[in-house]
Amino acid sequence: MIVILKSNPEQKQLDNLISWLKGMNIDIHFTEGSTKTIMGLIGDTASVDIDLIQALDIVEDVKRVQEPYKNANRKFHPDDTVIEIAPGVKIGGGNFQVIAGPCSVESEEQICTVAESVKASGAGLYRGGAFKPRTSPYAFQGMRNEGIRLLSEAKARTGLPIVTEVMDISHLPLFENVDVIQVGARNMQNFELLKELGKLDKPILLKRGLSSTLQELLMSAEYIMAGGNEKVILCERGIRTFETAMRNTLDLASVPLLKEKTHLPVIVDPSHATGNASLVKPMAMAATAAGADGLMIEVHNNPAKALCDGPQSLTPEAFDDVMKAVNAIRPVAFNGR
């Protein structure tokens with residue numbers, strides 16, 4: 001349920017309303033919009049008398065919200081959320097960011113060389129996998145602690161905020177100096193992990209599961225936000241369909257749909273979505289045109305010798321070409337809801 005307040009509500013009436021609602025074990029989420037203030041009521045609101053609240057002088061309107069996600073719901077928060085990842089690095093609300101870097105951290109030379117190249121091309125954040133979830137137990141699993149150390153080295157050299165994926169709750173102490181913690185598609189519904197991430201004051205990049213609906217993605221975001229962390233970035237990275245010509249099927253319609261449903265930033269990962277380097281540029285352009293708040297693109301200095309996901313990785317030169325194409329599209333990108 002949401003309660004829309006009139007401008008400059010009388011404080012005593014507002015305090016009485018808040019006290020009454022809290023007495024019914026209702027949590028209240030306040031959103032200060034550009035023209036109005038919204039109270040989001042979270043909990044069992046079935047017994048709350050809408051007519052009684054509507055009759056108050058300070059209330060403009062009351063609406064029941066049917067969707068099970070509350071904190072992530074645009075009805076609770078009409079304005080786009082803007083997340084400041086680092087000083088001067090924002091995403092959402094018209095702030096567009098490109099996250100680029102190799103699928104996995106392999107060496108100091110590789111990780112620092114790629115960081116310098118993607119920064120020169122205009123990337124705002126740097127990605128690299130220290131812990132790698134792989135379908136095969138025999139595949140390269142990442143450099144783990146050493147991988148995070150090397151990402152920190154790249155950050156020190158370039159100033160780019162770093163993004164890397166967490167695999168397990170026990171690894172979280174290692175992520176203290178990571179700027180954005182990524183939750184991979186396979187962990188999207190690892191609810192115990194999401195609860196722990198909800199206790200942090202750090203941006204979380206939440207990827208859509210391979211076979212998950214948009215509502216399931218938003219409910220996973222709700223787990224994080226219900227714990228108190230509202231810095232959630234959603235990522236469309238392709239879903240599993242009957243098509244086998246591509247690694248996954250990129251659901252571009254999810255971008256404007258999510259924009260209608262939630263105030264959270266939405267980015268697109270065309271690398272994992274297609275699994276094919278030749279498709280990354282057109283899909284990055286399409287995602288930008290569809291109104292995405294950013295992109296996540298895999299870049300490797302030598303894709304042919306990459307230890308992970310080489311076929312979908314761009315060379316630094318190809319990434320530079322993608323950035324030029326994306327920047328040309330941004331002024332005319334879809335901005336509606």
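All values below come from the heavy atoms of this structure, side chains included, with hydrogens, waters and symmetry mates left out.
- For the residue pair S170/D168, the side-chain donor-acceptor check at 3.5 Å is satisfied.
- The closest side-chain donor-acceptor pair between E32 and T37 falls under 3.5 angstrom.
- You'll find the ring centres of F76 and H29 outside the 6.0 Å limit.
- In this structure L214 satisfies the side-chain contact (heavy atoms from CB on, under 4.5 Å) test together with R208, S254, L257, L258, sequence neighbours excluded.
- Residues I267 and L252 do not share a hydrophobic cluster, defined by chaining ILVMFWY side chains whose heavy atoms lie under 4.5 Å apart.
- One N or O on the side chain of T274 and one on the backbone of P270 form a donor-acceptor pair closer than 3.5 Å.
- Residues satisfying the side chain to side chain donor-acceptor pair (under 3.5 Å) criterion with N248, sequence neighbours excluded, are absent altogether.
- In the hydrophobic clustering, where aliphatic and aromatic side chains (Ile, Leu, Val, Met, Phe, Trp, Tyr) are joined below 4.5 Å either directly or transitively, V3 groups with M1, L5, L14, L17, I18, W20, L21, M24, I26, I28, F30, M39, L41, V48, I50, L52, I53, L56, I58, V59, V62.
- In this structure, a donor-acceptor pair under 3.5 Å is present between the side chains of T81 and H263.
- Side-chain atoms of Y126 do not come within 3.5 Å of backbone N or O of V114 as any donor-acceptor pair.
- Note on I181 and L174: same hydrophobic cluster, where clusters join Ile, Leu, Val, Met, Phe, Trp and Tyr whose side-chain heavy atoms are under 4.5 Å apart, directly or indirectly.
- Both Y223 and I204 are assigned to one and the same hydrophobic cluster, defined by single-linkage of ILVMFWY side chains at heavy-atom distances under 4.5 Å.
- Considering only residues two or more places apart in sequence or on other chains, E108 meets the side chain to side chain donor-acceptor pair (under 3.5 Å) condition with R157.
- Contact record, G124 with V89: O-CG1, 4.2 Å, taken as the closest heavy-atom pair.
- Under 4.0 Å is where a charged nitrogen must lie from a carboxylate oxygen, and between R74 and D80 at least one such pair does.
- If you take CG on N25 and OG1 on T45, they are separated by 13.0 Å, rounding to the nearest 0.5 Å.
- Scanning for side-chain contact (heavy atoms from CB on, under 4.5 Å) contacts around S313 gives E298, H300, P303, with sequence neighbours left out.
- Defined by atom type and a distance below 3.5 Å, a donor-acceptor pair is present between the side-chain atoms of N71 and E222.
- Contacts of E84 classified as side-chain contact (heavy atoms from CB on, under 4.5 Å), with partners at least two apart in sequence or in another chain: K90.
- Applying the salt bridge (Lys or Arg N to Asp or Glu O under 4.0 Å) criterion to R237, with sequence neighbours excluded, gives no partner residue.
- With sequence neighbours excluded, the residues forming a side-chain contact (heavy atoms from CB on, under 4.5 Å) with L193 are V166, I169, N187, N190, L197, listed by chain and number.
- Residues L205 and I224 fall into different hydrophobic clusters, defined by Ile, Leu, Val, Met, Phe, Trp and Tyr side chains chained together at heavy-atom separations under 4.5 Å.
- With respect to V105, the side chain to side chain contact (heavy atoms under 4.5 Å, CB included) criterion is satisfied by exactly one of L150, L307, T164, I148: L150.
- Using a 4.0 Å cut-off between charged nitrogen and carboxylate oxygen, D27 and K70 do not count as a salt-bridge pair.
- Salt bridge status for E67 with K75: present, with a side-chain N to carboxylate O gap under 4.0 Å.
- Distance alone, capped at 3.5 Å, places no donor-acceptor pair between the K202 side chain and the N229 backbone.
- Under a 3.5 Å cut-off, the side chain of K119 and the backbone N or O of T158 do form a donor-acceptor pair.
- Under the rule for a side chain to side chain donor-acceptor pair (under 3.5 Å), Q189 has no partner lying at least two apart in sequence or in another chain.
- Between the side chains of D309 and Q312, at least one donor-acceptor pair of N or O atoms lies under 3.5 Å.
- Heavy atoms only, all atoms of each residue included: G291 and V255 are closest at C-CG1, 3.8 Å.
- Within the 3.5 Å criterion, the main-chain N or O of E106 finds no donor-acceptor partner in the side chain of S104.
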Under 3.5 Å, side-chain donor or acceptor atoms of residues 322-329 against the rest of the protein: list the pairs with distances, not counting sequence neighbours.
unit_1 : atom_1 : unit_2 : atom_2 : d
K324   : NZ     : D320   : OD2    : 3.3
N327   : ND2    : M323   : O      : 3.1

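- Every side chain to side chain donor-acceptor pair (under 3.5 Å) that K199 has, sequence neighbours left out, goes to E196.
- The minimum heavy-atom distance linking E10 with Q13 is given by the pair OE1-N, 2.9 Å.
- Look at D293 and K259 and you find a salt bridge, because one of the NZ, NE, NH1 or NH2 atoms lies within 4.0 Å of a carboxylate O, short of that distance.
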Stepwise side chain to side chain donor-acceptor pair (under 3.5 Å) check, N276 with S278: CA-CA 6 Å; N276 187 330; S278 69; 2.8 Å; yes
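- Nearest heavy atoms, A221 versus V232: CB-CG1, 4.1 Å.
- With sequence neighbours excluded, the residues that form a salt bridge (Lys or Arg N to Asp or Glu O under 4.0 Å) with E146 are R149.
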